[in-house]
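Side-chain atoms are counted along with the backbone in the values below, which use heavy atoms only and exclude waters and symmetry mates.
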Amino acid sequence: MPDGSTADLPSAAHIIADRIDRDGPIPLGDYMAIANACYYASKDPLGEEGDFVTAPEISQMFGEIIGIWLADLWLRQRSPDHCHYVELGPGRGTLADDALRSMARFGCRPPVHFVETSPVLKSKQAELHPAAIWHDDLASLPTDGPLLIVANEFFDALPVEQFIATADGWRRQMVARDRSKFIALPSSEAAADHLGSTAHRFPDGTILERSPVSVEWVGQLASRLAKQGGTLLIIDYGYTKPGTGSTLQAVKDHMPISPFDCPGMSDLTAHVDFHTLANIARSCLLAVHGPAEQGQWLKSLGIDQRAAALIAASPKEADMIRAAHQRLTDIDEMGCLFRVMAATAIDWPEPEGFSYGED
């Protein structure tokens with residue numbers, strides 16, 4: 001069982017500063033990778049006492065709906081044997097607990113696999129899922145059957161790179177030191193060739209944001225699903241069409257701060273590029289569904305009815321259940337900001353919930 005030890009971990013600020021002092025300014029993606037690796041290795045960031053709250057911590061309804069969605073796909077695929085539940089960055093294991101409970105009602109009881117590197121969160125997950133199998137990356141995931149993969153607020157924490165339009169062409173966004181502070185500045189050298197000579201089409205200072213790490217992860221997962229069968233369900237905040245501008249942000253104690261303050265002590269995220277991830281999945285011959293707005297997706301799958309049932313069973317908790325339902329589905333809260341996208345093996349059924357999806 002994971003022990004959750006984080007003794008003697010060096011701070012992100014020291015690691016980043018030492019590297020800059022040794023090698024000069026570093027790419028923004030490297031800065032984000034170091035900061036988040038230290039952040040998640042050193043603490044449980046979830047809940048009111050942490051830095052942010054995710055949907056599974058708001059209400060059991062969220063995980064239950066996901067479990068029903070997965071079980072429905074599994075049943076319509078004629079209940080394949082050797083199926084595996086896989087969750088990327090499963091937090092405290094709360095979503096899996098609720099989802100697997102719902103799946104079991106339909107006879108779907110797959111082995112549980114968590115892709116997680118944080119010793120602190122592994123320890124939390126083990127309290128709810130002592131029989132789970134942990135993986136540091138995708139390479140060791142099972143190859144003997146379909147994969148039911150869930151990624152809730154996972155891709156937003158993966159590193160992004162930024163490229164800035166200048167009169168001299170595209171320049172990569174770098175992070176440097178200014179005395180005791182970290183600052184962002186364009187590289188003095190031309191950016192990678194894949195952007196070509198397109199900078200003149202954009203006003204100076206325009207930012208293009210990319211996440212090569214996210215592309216690599218989805219490519220690997222899609223290749224697995226094409227061979228083994230199954231589905232990948234991504235739930236996150238992001239955009240559905242190509243655009244410009246920086247979406248990098250940081251949260252500490254539930255408040256926004258500069259991404260360049262307190263690296264390793266705040267949650268660094270960027271909006272997910274659903275358009276690119278969908279194209280990567282399609283290139284691996286998967287069927288892509290959505291993205292749909294989270295609120296519409298949950299409602300189409302019965303969250304209104306589930307909330308009513310919970311209220312009937314526990315009338316004293318009615319206000320709390322209604323508040324959680326509103327937070328998950330309302331267009332002014334998580335309902336519109338968060339998107340849901342599924343990629344399924346080409347010979348698997350069309351999943352429910354995407355009649356309102358966006359191309």
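The residues Glu189 and Arg171 are annotated as not salt-bridged, no charged nitrogen and carboxylate oxygen being separated by less than 4.0 angstrom. With respect to the salt-bridge test (charged N to carboxylate O, under 4.0 angstrom), the residues Arg177 and Asp21 qualify. A salt bridge does not link Arg22 to Asp18: none of the charged nitrogens lies less than 4.0 Å from a carboxylate oxygen. By the 4.0 Å N-to-carboxylate-O rule, Glu127 lies too far from Arg92 to be salt-bridged with it. The existence of a salt bridge linking Asp261 and Lys181 is excluded, since no basic side-chain nitrogen approaches an acidic carboxylate oxygen closer than 4.0 Å.
Looking only at atom types and distance, the side chain of Glu116 has a donor-acceptor partner in the side chain of Gln125 under 3.5 Å away. Neither side chain, His275 nor Thr240, offers a donor N or O lying under 3.5 Å from an acceptor on the other. Between the side chains of Thr247 and Glu209, a donor-acceptor pair is found at a separation under 3.5 Å.
The hydrophobic cluster analysis finds Leu285 isolated: no Ile, Leu, Val, Met, Phe, Trp or Tyr side chain comes under 4.5 Å of it, directly or through other members. The other members of the hydrophobic cluster of Leu185, by chain and number, are Met174 (side-chain heavy atoms under 4.5 Å, ILVMFWY only).
Within the structure, ring pair (Phe, Tyr, Trp, His ring centres under 6.0 Å) contacts touching residues 224-252 (residues at least two apart or in different chains) are Tyr237-His271, Tyr237-Phe338.
Val150 pairs in a side-chain contact (heavy atoms from CB on, under 4.5 Å) with only one of the listed residues (Val86, Leu232, Leu70), which is Leu70.
Proximity of Tyr39 to Leu268: side-chain heavy atoms (C-beta onward) are nowhere separated by under 4.5 Å.
Between Phe354 and Trp297, the two ring planes are tilted [angle within 30° to 60°].
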Just do the ring pair (Phe, Tyr, Trp, His ring centres under 6.0 Å) check on Trp74 and Tyr85 with the steps written out, would you? CA-CA 11 Å; Trp74 177 77; Tyr85 176 91; over 10 Å; no
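In this structure, the ring of His129 has its center less than 6.0 angstrom from the ring center of Phe114.
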